[in-house]
Each structure stands twice: as structure tokens, then as C-alpha cells.
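In the text below, chain A, chain B and the rest are named by the order of the sequence lines, each starting its count at 1. Values below: all heavy atoms of this structure, side chains included; hydrogens, waters and symmetry mates excluded.
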Amino acid sequence: MMVRTRFAPSPTGFLHVGSLRTALYAYLIAKQNNGKFLLRIEDTDRKRFVEGSIESIITSLKWAGMEVDEGVGLNSDDKVVQVGAKGPYIQSERLGIYKKFAAQLLDNGHAYHCFCTAERLGELKNYQQANKLPTGYDKLCRELDPAEAKKRIENGEQHVLRLKMPKGGETTFVDLVRGEVSFKNELIDDQVLIKADGFPTYHFAVVIDDHFMEITHVIRGDEWLSSTPKHLQLYKYFGWEAPKIAHLSLLLNADKSKLSKRQGDVAVKDYIDKGYLPQAMVNFVAFLGWNPGGEQEIYSLEQLVEEFKVEKIIKSGAVFNLEKLDWFNQQYIKNLSGDELVKVCSPWLIKAGLITGNEDKSWLSTVFDLEKERIVTLAELPEAVKFVFIAPEYDGQILVWKKGTLEEVKKILPELAEFLDTISIQDWNEEKLQAMVGEWITKNGLSNGSVLWPLRVALSGQQNSPGPFEIAAVLGKEESIERIKTAIEKL
RNA sequence: GGCCUCAUCGUCUAAUGGCUAGGACAUUGCCCUUUCACGGCGAAAAUACGGGUUCGAUCCCCGUUGGGGCUACCA
């Protein structure tokens with residue numbers, strides 16, 4: 001059987017990092033089985049709908065490298081489109097379908113209309129809480145005569161449709177990550193299926209949709225575990241086979257509370273804007289709650305598809321640990337090279353106004369090579385390479401090496417400038433410069449530090465920077481010598 | 001409160017009915033080195049607690065404690 005998984009977010013804002021992980025696991029399961037990964041939009045709550053969030057969720061998913069095979073996507077004009085034969089894939093466009101199956105449930109006596117007001121429900125809850133009773137609907141309207149209910153509806157009375165949960169027995173199911181879980185039916189609420197506004201609740205829509213979209217594996221957050229019996233009951237009433245279900249434990253703040261906005265960024269977009277690479281984010285998030293077991297830490301999306309095992313998903317919640325994310329990001333940035341490096345770095349420098357994007361690509365690549373081992377996020381890049389584009393301001397005192405003296409620098413720098421001037425443009429590259437200056441140092445009986453430190457500072461204007469030869473190669477002969485002359489004037 | 005669920009270094013995690021409890025991040029020492037970073041080699045750091053079962057339990061069972069989720073006409 002074809003494996004089909006889905007990611008089904010609500011369009012209430014940006015894609016959450018926890019949702020990214022949920023989507024990723026669903027994606028991995030689909031892909032490793034040559035199955036399909038679908039995207040469905042669950043917009044049954046009109047009050048919480050946020051304009052533009054469908055687009056931004058899809059954009060974040062794409063950024064992470066997860067291509068949707070079926071369902072909702074964006075066309076080349078960034079307009080929301082739907083692809084696939086089992087749509088629509090946006091719940092608000094499926095109202096007719098829900099209505100039809102709600103009617104079927106009602107006809108079969110598996111659901112009933114409820115006219116209880118919000119006030120009564122509120123009082124009921126207060127009473128239950130005050131008396132330390134389990135909270136939940138008291139099933140008052142379940143005893144109503146259907147004919148009378150019909151009459152009240154015709155009179156225009158507000159109503160909802162509720163699921164008739166069995167009053168006895170229990171619902172037991174096997175969760176792919178938790179194993180067997182079981183709930184007493186009497187404690188499960190007669191869930192509202194169709195709201196007074198005619199829209200289905202999540203619980204109803206999810207069952208109908210997963211069934212008709214032929215979803216084989218439901219991967220979702222832990223917050224759904226306790227409502228799973230309601231969903232299973234629905235499958236039973238309809239006579240449908242339920243999909244396999246996996247509940248993922250939640251991502252946590254450093255203090256182990258549920259990951260929240262108050263304690264840091266939770267939107268994938270925040271991390272995109274801060275300069276994290278999609279590969280790092282995916283790798284990091286994949287390892288929060290799953291581990292291949294070996295000692296390898298760096299996994300590409302393709303490798304994750306190969307190695308991922310549902311059985312190895314971890315049951316306990318994982319702290320969203322930014323320091324580890326930083327490390328992953330650093331690793332991925334460090335390993336970028338050539339065209340790839342230029343492609344991901346250039347936009348940041350263009351935004352900072354340092355380059356236009358029309359510069360020579362191979363030269364840009366050497367510029368980025370300078371700092372790629374020194375930055376944690378791409379956002380740090382413009383500041384880090386700024387000295388290449390703008391001759392830096394600095395205090396001449398820093399030209400003196402900690403083991404050297406001002407007099408020494410005053411003597412060495414001009415001689416060095418003179419020597420460098422004799423080197424041809426053809427030889428002006430990192431390797432040659434290193435070799436030639438090295439020889440010059442030896443010949444003059446100098447120490448590396450007494451020459452290299454002032455040279456490096458003269459070129460970079462910074463106490464900490466990449467090595468002098470790499471910088472000199474990037475700057476070119478003319479600019480390099482110019483900067484050394486400027487340095488001499490500062491002494 | 002009720003129901004469900006989880007529990008190995010600070011964090012992410014590996015492992016087994018008999019172990020020096022392994023790795024990674026972070027911390028830290030040393031090396032490399034003109035600086036910073038990278039890299040290399042080390043150090044410190046964990047089986048929540050109490051009972052069982054067992055020759056033996058971190059692992060199996062029960063309880064306690066602690067964390068998390070649900071308890072909406074939100075998802």
C-alpha cells in the first residue's frame with residue numbers, strides 16, 4: 001500500500017519550529033517509503049485565521065527543503081494553489097463534505113443536536129470544578145427526542161452537533177511511539193462535531209479528511225493524544241479503517257516548560273531571518289526526538305530519509321537548545337564552498353549595502369571563505385567581512401604585537417611594504433605570499449609574530465581577524481600596500 | 001481536581017538483566033598558532049527517589065516525586 005502522510009497546519013501565523021519537526025517526520029516517513037507527503041490547511045476556526053499565513057507556512061516548508069507532493073502549494077506568482085485528485089485540501093472549502101457525513105452520523109444515531117448555551121456549559125464546568133468532579137458535558141441533550149430537536153432547529157434555535165461516545169468500555173489503540181494507550185469511554189466528552197456556525201471542529205474534519213485523502217500515517221503533536229479516542233470512535237461509526245498514528249512529544253523551553261514565544265523565537269521565519277541554514281535547522285530539529293544511534297551528527301535531508309526510523313522516535317520531550325543549533329549552523333556554513341557559498345552569502349551583503357551582486361563570483365567566494373569558519377549565523381557575515389570593502393578605522397597602537405615594540409614595527413612595516421611591492425601581481429596569492437614573506441622573515445632574522453601581527457592588523461584593522469595572506473590575496477596588491485602605508489602613518 | 005503521558009551528564013541522546021554507563025553541544029585544560037576562529041588530544045559531568053522480582057537491576061514490576069499534554073462551539 002502506498003504510504004501517504006500529511007502535514008496539516010492551521011493558518012494562524014508563522015510556521016512553528018515544533019510544527020517544522022512534525023512536518024519533517026511526516027515527510028521522512030513518506031519519502032523513505034516512496035510515498036506521498038501532503039499539505040492540508042485546517043482553517044475551520046475563522047476567528048483565528050491570519051491573512052498570509054498559508055503562504056508563509058508553505059514558504060518556510062520549502063525553505064527547509066520539503067517539497068509537497070499533493071495538496072496546497074504556491075505557484076510561480078506565490079499564489080496559493082491546490083494539486084491533487086483528493087481535494088479540496090483546504091478545509092473551509094470542504095464544508096459540503098462535512099455536512100454530508102454529519103447527516104449520516106445523525107441518521108445512524110451516532111450523533112445528536114445540542115442546544116445548550118455557553119452560559120449553561122460555563123456553569124456546569126464551574127460546578128464540576130468546585131466539587132472536584134471530572135469536567136465535561138453532561139450529555140443533557142443526548143436524551144432529547146430527535147423530532148423535538150428538529151422542531152427547535154426549524155425555529156432557528158442555535159445548536160451544535162455532538163458525537164455520541166459509548167457510555168461504557170474503553171478505547172485502546174497502539175500509538176507508533178508510545179505503544180498501547182487506553183482511555184475509559186465514560187470519561188471522554190461527547191465532542192462537538194459541527195459548531196453553531198456550521199463549521200466542523202478539528203476532531204470531525206481531521207477524520208473525514210484523513211480518510212478521503214487516504215492518509216496511512218498520522219504524525220502529530222502530543223496535544224492530540226487524549227482526543228484520539230474520539231477520532232477512533234468516528235472511524236468506527238463510519239466503518240473506516242483508521243490510519244496508524246504517532247504522537248510526538250512537545251518541544252520545551254530551557255526550563256522544560258512547553259516551548260513558548262516568551263522565552264525565545266518559535267517561528268521558523270525568525271531563524272531564517274537570523275541567518276540559519278535550512279540544512280542546519282532540519283538536522284537540528286530532526287535530532288530533537290530522534291536519533292539514528294551512531295556517532296554521526298551531521299545528516300542531510302536525503303540521509304535522514306534513508307536512516308529515519310519511526311520506532312526510534314523518543315518518547316520524552318526535548319529542550320529546544322539554541323547552542324546546539326548554533327553548532328549545527330556553524331558546521332554547515334563552514335562546509336559551504338564555491339558557488340554554494342556565494343549563493344547563500346551574497347544576499348546578506350547586498351542587504352547590508354556592501355556589494356551589488358555583480359562582483360566576480362570567484363572573488364566573492366574568497367571573501368566569504370575568509371570568515372566562514374568564524375561566524376555562527378549568516379547575519380554576522382556583513383559585519384565580519386566589512387573590512388574588505390571599507391578600509392577600517394583603528395587605533396595605530398594595536399599594530400604593535402604583544403611581544404614586540406613600537407620601534408620594531410616602525411622599522412619592519414616600511415621594509416615589508418617595500419618588499420611586497422616587488423612581488424608580481426601573478427604571484428599575489430595566498431600560497432605564494434606565505435612562502436615569499438616567510439623567506440623574507442627568515443632572511444632578515446625576524447620572528448613570525450613581529451611581522452605577521454602588524455601586517456595582519458594593517459590589512460584588517462582588527463586585533464582578531466583571518467590570517468594576513470588570505471586577506472592580502474583578497475584585497476589585491478594595490479589595496480594591500482595602500483593599507484600598509486596607511487598603517488605606517490598611524491605609528 | 002480528573003484522565004493520559006514522560007523520566008540516563010546542565011542540554012540533545014546511546015546502551016545493556018552482569019558496564020570503565022558511550023557520543024555530541026555547552027563548560028574547562030593542553031596542543032597547533034601572529035590574533036581570533038577552525039582543528040587535535042584530555043578533564044569534569046548522568047541512570048530522580050522508595051520498594052519489590054532476581055544470584056545480580058539503570059534496564060522488569062509497583063509506588064512516590066517531578067515534568068508535560070488534555071480537560072473549548074481553538075487547533
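At the phosphate of B:U11, neither OP1 nor OP2 sits under 4.0 Å from any side-chain N or O atom of A:Lys324. The shortest distance between the side-chain N/O atoms of A:Lys256 and the OP1/OP2 oxygens of B:A7 is not below 4.0 Å. A sub-4.0 Å separation between OP1 or OP2 of B:G1 and a side-chain N or O of A:Gln128 is absent. The phosphate of B:G39 has OP1 or OP2 within less than 4.0 Å of a side-chain N or O from A:Gln331. For A:Ser450, no side-chain nitrogen or oxygen approaches OP1 or OP2 of B:U34 to under 4.0 Å. Distances shorter than 4.0 Å separate none of the side-chain N or O atoms of A:Lys403 from OP1 or OP2 on B:U33. Residue A:Arg178 has no polar side-chain atom (N or O) positioned under 4.0 Å from OP1 or OP2 of B:C4. Side-chain nitrogen and oxygen atoms of A:Trp327 include at least one within less than 4.0 Å of the OP1 or OP2 phosphate oxygen of B:C25.
The environment of A:Phe287 atom CZ is dense: over 12 non-hydrogen atoms of other residues, nucleotides or ligands sit within 6.0 angstrom.
Here A:Ala196 lies in heavy-atom contact (under 4.0 Å) with a base. Within 4.0 Å (heavy atoms only), A:Ser447 reaches no atom of the nucleic acid at all. Across all strands shown, A:Ile314 has heavy atoms under 4.0 Å from sugar-phosphate atoms exclusively, and none from any base. Residue-level contact check: A:Gly404 touches neither bases nor backbone, having no heavy atom under 4.0 Å from any strand. Counting non-hydrogen atoms under 4.0 angstrom, A:Thr135 reaches a base of the nucleic acid. A:Lys125 comes within contact range of the sugar-phosphate backbone alone, with a heavy-atom separation under 4.0 Å but no base atom that close.
Using a cut-off of 4.0 Å between Lys/Arg side-chain N and Asp/Glu carboxylate O, A:Lys312 and A:Glu307 are scored as not salt-bridged. Ionic pairing of A:Asp265 and A:Lys274 is present here: one or more N-O contacts between side-chain nitrogen and carboxylate oxygen are shorter than 4.0 angstrom.
Pairing of B:U8, defined by two Watson-Crick or G-U wobble distances under 3.5 Å, is not identified with any nucleotide. Across all strands shown, B:C70 pairs with B:G2; the Watson-Crick or G-U wobble distances both stay below 3.5 Å. Nucleotide B:G42 is matched to B:U28 when pairs are restricted to Watson-Crick or G-U wobble geometry with both distances under 3.5 angstrom. Pairing partner, B:C60: B:G52, with both Watson-Crick or wobble hydrogen-bond distances short of 3.5 Å. Using the Watson-Crick or G-U wobble rule with both distances under 3.5 Å, B:A15 pairs with nothing in any strand shown.
In the set B:A14, B:G69, B:C6, B:A14 carries the atom at the smallest distance from any side-chain atom of A:Asn291. Distances were taken from every side-chain heavy atom of A:Phe183 (C-beta onward) to each of B:C74, B:C3, B:G39; the shortest belongs to B:C3. Checking B:C74, B:G68, B:A37 against every side-chain atom of A:Lys195, the shortest atom distance belongs to B:C74. Taking the side chain of A:Arg48 as heavy atoms from C-beta on, and the options B:U5, B:C70, B:A75, the nearest nucleotide is B:A75. Distances from the side chain of A:Ala318 to the nucleotides B:C4, B:G69, B:C12 place B:C12 closest. For A:Trp401, whose side chain is taken as the heavy atoms from C-beta onward, the closest listed nucleotide among B:C73, B:U34, B:C25 is B:U34. Proximity note for A:Lys258 (side chain, C-beta onward) versus B:A75, B:C73, B:C70: the nearest is B:C70. Considering only the side chain of A:Lys312, B:A15 comes nearest among B:A15, B:C73, B:G2. Picking from B:C4, B:C38, B:C73 the nucleotide with the shortest atom distance to the side chain of A:Val181 gives B:C4.
Comparing A:Asn448 and A:Glu180 by the nucleotide of RNA chain B that holds the closest heavy atom to each, the one mapping nearer the 5' end is A:Glu180. Along RNA chain B, the nucleotide nearest to A:Ser226 and the one nearest to A:Lys132 differ in position, and the one closer to the 5' end is contacted by A:Lys132.
By the 4.5 Å heavy-atom criterion applied to side chains, A:Phe368 and A:Leu336 are not counted as neighbours.
No side-chain donor from either of A:Asp222 and A:Ser249 sits under 3.5 Å from a side-chain acceptor of the other. No side-chain donor-acceptor contact under 3.5 Å links A:Glu415 and A:Asn444.
For A:Phe284 and A:Phe320, the ring centers sit closer than 6.0 Å to each other.
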